[in-house]
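Structure, as structure tokens:
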Amino acid sequence: MAAPTVSASLNASTYSPGDPMTLTLSYGDPDTRPVTVTIVVTDAQGNSSAPVSVTAVIDPLTVTVSDDSGRTWTRISDTGAVAVYRAVA
């Protein structure tokens, strides 16, 4: 299994106390695999239902953000590839 990758950037390099901080992460995993399962039900007479599909992700990713000052980072958005978090300096 390959290791996930991540890159991060803050909206500024310095902050005054109380300033909003925005952290943007781009992340991925080269071996995360989506899988689609298709189901068809057939009765004894050969009548079949319409196909129904469900999807799942094998090896999903979890993002955790913390810093050495103990501030709380709140997730603003997450597309599964790019996540945005905010905190107060």
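Quick caveat: nothing in here was measured; it's all calculated off a predicted structure.
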The single option from T72, V63, T74 passing side chain to side chain contact (heavy atoms under 4.5 Å, CB included) against Y85
V63
Does atom CZ of R71 have more than 12 heavy-atom neighbours, drawn from other residues, nucleotides or ligands, at distances under 6.0 Å?
yes
Main-chain N/O of T22 paired with N11 side-chain donor or acceptor, under 3.5 Å:
yes
Minimum heavy-atom separation for S48 to T42, with atom names?
OG-OG1, 3.0 Å
Answer whether the closest heavy-atom distance between the side chains of V65 and L25 falls below 4.5 Å.
yes
Side chain to side chain contact (heavy atoms under 4.5 Å, CB included) partner of S49, the single match among V41, I39, D43
V41
Show the nearest heavy-atom pair for residues P20 and Y15, with the distance to one decimal.
O-CE2, 3.6 Å
Validation row: V82, Y27 side chains within 4.5 angstrom (heavy atoms)
no
Please determine, by modelled atom types, if S53 and T36 share a side-chain donor-acceptor pair under 3.5 angstrom.
no
Looking at side-chain heavy atoms only, is the closest gap between D19 and V88 below 4.5 Å?
no
Report yes or no: do W73 and L61 belong to one cluster of Ile/Leu/Val/Met/Phe/Trp/Tyr joined by side chain heavy-atom distances under 4.5 Å?
yes
Residues P60 and V57: closest non-hydrogen pair is CD-O, 3.8 Å
Note: S16 and A89 closest approach over all heavy atoms is O-CB, 3.5 Å
Answer with yes or no whether the hydrophobic clustering places L23 together with V6; edges join I, L, V, M, F, W, Y residues whose side-chain heavy atoms lie under 4.5 Å apart.
yes
Under the side chain to side chain contact (heavy atoms under 4.5 Å, CB included) rule, what do T55 and V35 come out as? Steps first, then yes or no, please.
CA-CA 6 Å; T55 58; V35 62; over 6 Å; no
